[in-house]
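Since the structure comes first, as structure tokens, the remarks are kept for the end.
Proteins come first, then strands; the chains are lettered A, B, ... in the order of their sequence lines, and each starts at number 1.
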Amino acid sequence: MGEVIVITSGKGGVGKTTTTANIGTALALEGKSVVMVDADIGLRNLDVVLGLENRIVYDLVDVVEGTCRLKQALVRDKRFDKMYLMPAAQTRDKNAVSPEQMQKLCNDLKEQFDFVLIDSPAGIEHGFKNAVAGADRAIVVTVPEVSAVRDADRIIGMLATNDLSNPLLIINRLRVDLVKRGDMMNIDDTNEILGIDLLGVVPDDENIVISTNRGEPVVIDEDTMAGRAFRNIAKRLLGEDIPIMDLDEEDTFLDKIKRLLGMDKNKKH
Amino acid sequence: MISLFKFFSKDENKSKDIAKERLKLVLTHDRANVSPKYLDMMKDDIIKVMSSYMEIEEEGIDINLTRVANDDDTYTSTLVANIPIKKMKNIGKNNG
Ligand SMILES: Nc1ncnc2c1ncn2[C@@H]1O[C@H](COP(=O)(O)OP(=O)(O)OP(=O)(O)O)[C@@H](O)[C@H]1O
Ligand SMILES: [Mg+2]
């Protein structure tokens with residue numbers, strides 16, 4: 001029996017789909033069987049991030065309405081052994097599915113897979129309720145900015161009322177240069193405010209854009225910072241004890257000397 | 001020496017600290033909104049304390065967290081309470 005994990009955020013565009021695709025791929029690289037469910041009905045994107053958009057025949061709504069069998073809607077990713085996508089319907093709206101139907105779908109999927117990852121839509125409405133309906137655990141993605149952290153806090157409260165009271169936090173798009181000069185909240189700041197366990201920190205990395213262009217999740221490339229961060233996150237989910245990457249917030253002594261001598265290229269004006 | 005020390009210490013007024021303070025305030029309010037239970041518990045305790053000093057009209061009580069604007073365009077989360085008093089209790093009078 002597998003585990004159903006929902007990836008959610010409240011605020012849109014903070015990296016839920018990117019996170020789902022990369023954790024899913026990393027778990028598959030670790031030899032686990034994984035299915036990623038796109039719960040963003042009407043605005044599906046997980047298919048293009050994974051590069052599987054041309055292989056979709058049926059979708060999630062077809063399954064819950066009985067138009068096809070569960071197996072027929074699953075898109076197998078040929079690059080990996082046991083990795084599948086359950087695409088969202090693109091031409092329907094989110095009311096086409098009920099939380100009860102999602103719960104049944106999740107239960108059916110976790111009989112067959114080690115991990116069922118649900119990519120939640122933004123917002124706190126019907127789509128969110130569908131996405132969390134069948135989940136055993138939740139991951140909250142945020143970026144270290146005021147509005148995203150505020151929405152994450154709201155979502156953490158809503159998860160608790162949906163029996164998902166110990167969500168794990170991913171801080172995405174952290175910029176070390178901004179953190180160093182005190183212009184972005186660091187890991188401790190964000191943690192202190194949200195007060196939930198930290199699963200991982202993903203740096204802002206242009207390789208995400210490049211890999212999304214290609215339809216190949218960034219974890220495939222071990223040389224990228226973001227790729228390494230997502231691999232570590234997957235390993236932590238599997239119970240490995242891997243320290244959060246160390247980001248030195250304080251300027252080093254050398255930085256200070258450079259600044260004193262006017263040699264710092266990141267100097268504020 | 002002091003100014004040199006200051007140079008090597010952290011900058012004052014980093015924007016991330018401002019962000020953090022603003023978030024803490026706004027979340028005080030958001031969280032109270034998410035859980036009306038929290039406000040109810042507090043209301044009960046306030047009634048308990050006040051009742052030892054005065055008779056209050058429990059049905060007329062109105063307690064809310066709101067944001068009050070400061071002169072410098074910031075906000076402070078503020079507890080605003082309207083508590084109708086029936087009469088003061090006759091304790092502690094002429095004792096000091
Ligand atoms: N760590 C990162 N570094 C750089 N770019 C990133 C990073 N994470 C996400 N992005 C970019 O941010 C954008 C939004 O990401 P994504 O689609 O994953 O967010 P989302 O939360 O799923 O959005 P929505 O709420 O619309 O579903 C994308 O263009 C993605 O490439
Ligand atoms: Mg998305």
Checklist entry - Could A:Asp183 and B:Lys14 be called an ion pair, given the rule that one side-chain N must be under 4.0 Å from one carboxylate O? => result no
Checklist entry - Could you walk me through whether B:Asp30 and A:Arg154 pass the salt bridge (charged side-chain N to carboxylate O under 4.0 Å, His left out) check? => result CA-CA 7 Å; B:Asp30 285 0; A:Arg154 187 83 204 279; over 6 Å; no
Next on the checklist: Going by salt bridge (Lys or Arg N to Asp or Glu O under 4.0 Å), name the pairs with one or both residues in residues 97-107 of chain A, residues two or more places apart or in two chains.
Outcome noted: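 Applying salt bridge (Lys or Arg N to Asp or Glu O under 4.0 Å) to every pair that reaches into residues 97-107 of chain A, excluding sequence neighbours, yields A:Lys104-A:Asp108.
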Checklist entry - Do B:Lys24 and A:Glu192 touch side chain to side chain, with heavy atoms closer than 4.5 Å? => result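 When only atoms from C-beta onward are counted, A:Glu192 and B:Lys24 do touch, with a gap below 4.5 Å.
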Inter-residue atom distance [X].[atom1] - [Y].[atom2], 0.5 Å rounding:
X	Y	atom1	atom2	result
B:Leu23	A:Asp153	CG	CG	8.5 Å
B:Lys16	A:Leu178	NZ	CG	12.5 Å
B:Leu27	A:Ile156	CG	CD1	9.5 Å

Take a 6.0 Å sphere around [atom1] of [X] and say whether it holds more than 12 heavy atoms from other residues, nucleotides or ligands.
X	atom1	result
B:Glu57	CD	yes
A:Asp197	CG	no
A:Asp221	CG	yes
A:Asp163	CG	no

Item to check | Proximal to chain B - members of residues 140-149 of chain A, heavy-atom separation under 4.5 Å | outcome: A:Val146, A:Val149
Checklist entry - With a 4.5 angstrom heavy-atom cut-off, which part of A:Met185 approaches chain B: side chain, backbone, both or neither? => result both
